[in-house]
Protein chains: 2
Amino acid sequence: MSYTREELVELLRKHGIAPTHQRLEIAHVLFSRCEHLAADQILALANERFAETSKATVYNTLNLFRDRGLIREVIVDPKRVFYDPNTEPHHHLYNVDSGELTDIAAEDLQISGMPVLPPGMVTEGVDVIVRIRAL
Amino acid sequence: MSYTREELVELLRKHGIAPTHQRLEIAHVLFSRCEHLAADQILALANERFAETSKATVYNTLNLFRDRGLIREVIVDPKRVFYDPNTEPHHHLYNVDSGELTDIAAEDLQISGMPVLPPGMVTEGVDVIVRIRAL
DNA sequence: CCGGGAATTAGACAAAGTCCAATCTTTACC
DNA sequence: GGTAAAGATTGGACTTTGTCTAATTCCCGG
Ligand SMILES: [Mn+2]
Ligand SMILES: [Mn+2]
Ligand SMILES: [Zn+2]
Ligand SMILES: [Zn+2]
């Protein structure tokens, strides 16, 4: 859950990412709490102690982490992307009132009857979003 | 599939919407073809014959139609919302390369193991998005 | 300790969507 | 049909999320 600086360095290196100060700060924000955060929240949390990371670097880094498979994007709100440090297949419960996003374990939810894909196409992922709100 | 002007007037009235010229044009765009369109595409199609609908009205109207249950939003691409004239429960196949969005009938796809909701919460909808791409 | 490639940055830019106050339509009523 | 109030539309300013660029700074192998 809580990684040391050295463990984070190792994690980035294992994914072919040079461990700069800013990237470690952002990795720390993402992997120390297991929440779903938007870019502006990540920027604010990274700069909580000392402001040393720019908006451009946060976006560069999130896109890099996503491309290298360290994190994934969750598309539930047209206004912002959420970043998920859990890249294992799983699903989401989205509270449309509060914006709170929580996980549903992949094993808990069974899907049957997946469509046959056109030839030459592969499934990149199956996202299930359960949208809930106060009665 | 193809509605007459009078049928569209009736459809809007039935949902408590005053049938103005612009709203009928937008309804025609949405209901004459059964595709998933983004706001800018709807604006372009509505103004294909005569440019008489503004961007503000397109957004006002799409939000009104959505609030009154005539259409629904599909959130698959962080860059734009798609509007779906089919409000029956169903799911989506999204080609991440081309941006093409197609329907999966609700009956074809079974989901079991839905989580128990916290008390006072109701499910607003369950969206399944199958993301596909070229091999 | 250098030097060059990689990373970071401020701020300009782009695109999607909202808001506003002025103007125009629709509609209910006579 | 004529009228007026309520409702709808509009251009353009504004906001937000995210990208891009060129200048600067950092990092690391030799
Ligand atoms: Mn720091
Ligand atoms: Mn947006
Ligand atoms: Zn998650
Ligand atoms: Zn659909």
Side-chain angles (χ1 to χ4, degrees), chain A residues 5-6 8-10 12-13 15-29 36-47 50-68 70-83 99 101, chain B residues 5-6 8-29 36-47 50-68 70-83 99 101:
Chain A
R5 195 118 184 136
E6 284 66 39
L8 288 174
V9 168
E10 203 40 51
L12 297 205
R13 286 239 162 86
H15 285 81
I17 298 168
T20 65
H21 179 70
Q22 286 87 346
R23 287 169 178 175
L24 288 168
E25 206 65 45
I26 292 168
H28 176 74
V29 167
H36 303 85
L37 298 172
D40 65 319
Q41 300 176 293
I42 294 165
L43 176 62
L45 289 166
N47 286 330
F50 304 101
E52 37 197 11
T53 308
S54 70
K55 184 181 69 154
T57 295
V58 167
Y59 279 103
N60 287 344
T61 301
L62 291 171
N63 289 339
L64 178 69
F65 284 7
R66 185 242 292 127
D67 292 345
R68 299 294 167 87
L70 250 104
I71 61 176
R72 68 136 127 173
E73 295 180 343
V74 184
I75 314 296
V76 285
D77 177 345
K79 287 201 163 33
R80 63 241 226 266
V81 172
F82 287 102
Y83 292 89
L101 189 59
Chain B
R5 196 120 184 135
E6 283 67 39
L8 288 174
V9 168
E10 203 39 53
L11 181 67
L12 297 204
R13 285 238 163 85
K14 207 166 14 185
H15 286 82
I17 298 169
T20 66
H21 179 71
Q22 287 86 345
R23 287 168 178 176
L24 287 169
E25 204 65 43
I26 292 167
H28 176 73
V29 167
H36 303 83
L37 299 171
D40 65 320
Q41 300 176 294
I42 294 165
L43 176 61
L45 289 167
N47 286 331
F50 305 101
E52 35 197 12
T53 307
S54 70
K55 183 182 70 156
T57 296
V58 167
Y59 280 103
N60 287 345
T61 300
L62 290 171
N63 289 338
L64 178 69
F65 284 7
R66 184 243 292 127
D67 292 345
R68 298 294 167 86
L70 250 105
I71 61 178
R72 68 137 126 171
E73 294 180 345
V74 184
I75 314 297
V76 285
D77 178 345
K79 287 203 166 31
R80 65 243 229 261
V81 172
F82 286 102
Y83 291 90
L101 190 59

Give the minimum heavy-atom separation between [X] and [Y], together with the two atoms involved.
| X | Y | value |
| --- | --- | --- |
| B/A27 | B/L12 | CB-CD2, 4.3 Å |
| B/I26 | B/L62 | CG2-CD2, 4.4 Å |
| A/P19 | A/R13 | CG-NH2, 3.7 Å |
| B/L45 | B/L37 | CD1-CD1, 3.8 Å |

Roughly how many Å is it from [atom1] in [X] to [atom2] in [N], rounded to a whole number?
| X | N | atom1 | atom2 | value |
| --- | --- | --- | --- | --- |
| A/E25 | C/dA7 | CD | C1' | 16 Å |
| A/L37 | D/dG18 | CG | C1' | 17 Å |
| B/R80 | C/dA14 | CZ | P | 19 Å |
| A/F50 | C/dT8 | CZ | P | 19 Å |
| A/L24 | C/dT8 | CG | P | 10 Å |
| A/H21 | D/dC28 | NE2 | P | 14 Å |
| B/L43 | C/dG17 | CG | P | 12 Å |
| A/D77 | C/dA16 | CG | C1' | 13 Å |

_Side chain of A/S54 (C-beta onward), nearest among C/dA10, D/dG18, C/dT27_ = C/dA10
Looking at every strand, decide which applies to [X] at a 4.0 Å heavy-atom threshold: base, sugar-phosphate, or nothing.
| X | value |
| --- | --- |
| A/D40 | nothing |
| B/R66 | nothing |
| B/N63 | sugar-phosphate |

*Has the side chain of B/H36 got a donor or acceptor atom that lies under 3.5 Å from a matching backbone atom of B/F82?*
no
*Angle between terminal axes - the helix from C/dC1-D/dG30 to C/dC30-D/dG1, 5 pairs each end, rounded to 10°*: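 One end axis against the other gives 30°.
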Tell me whether the side-chain N/O atoms of [X] come closer than 4.0 Å to OP1 or OP2 in [N].
| X | N | value |
| --- | --- | --- |
| B/T20 | D/dT9 | yes |
| B/Y59 | C/dG17 | yes |
| A/R23 | C/dA7 | yes |
| A/N60 | D/dG18 | no |
| B/Q22 | C/dT25 | no |

*asked:* Are the side chains of A/N63 and A/R66 in contact, using a 4.5 Å heavy-atom criterion?
replied: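 A/R66 reaches A/N63 side chain to side chain.
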*Does B/I75 reach the side chain of A/V76, with side-chain heavy atoms less than 4.5 Å apart?*
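With C-beta onward as the side chain, the pair stays apart.
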*Given side chain to side chain contact (heavy atoms under 4.5 Å, CB included), test B/T61 with B/I42 step by step and report yes or no.*
CA-CA 11 Å; B/T61 300; B/I42 294 165; over 6 Å; no
*Test for a donor-acceptor pair under 3.5 Å between the base of D/dG11 and the side chain of B/K55, counting only N and O atoms.*
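Looking at the base of D/dG11, it does not pair with any donor or acceptor on the side chain of B/K55 (distance under 3.5 Å).
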*Would you kindly compare B/A56 and B/R13 by the position of their nearest DNA chain C nucleotide and give the one closer to the 5′ end?*
B/A56
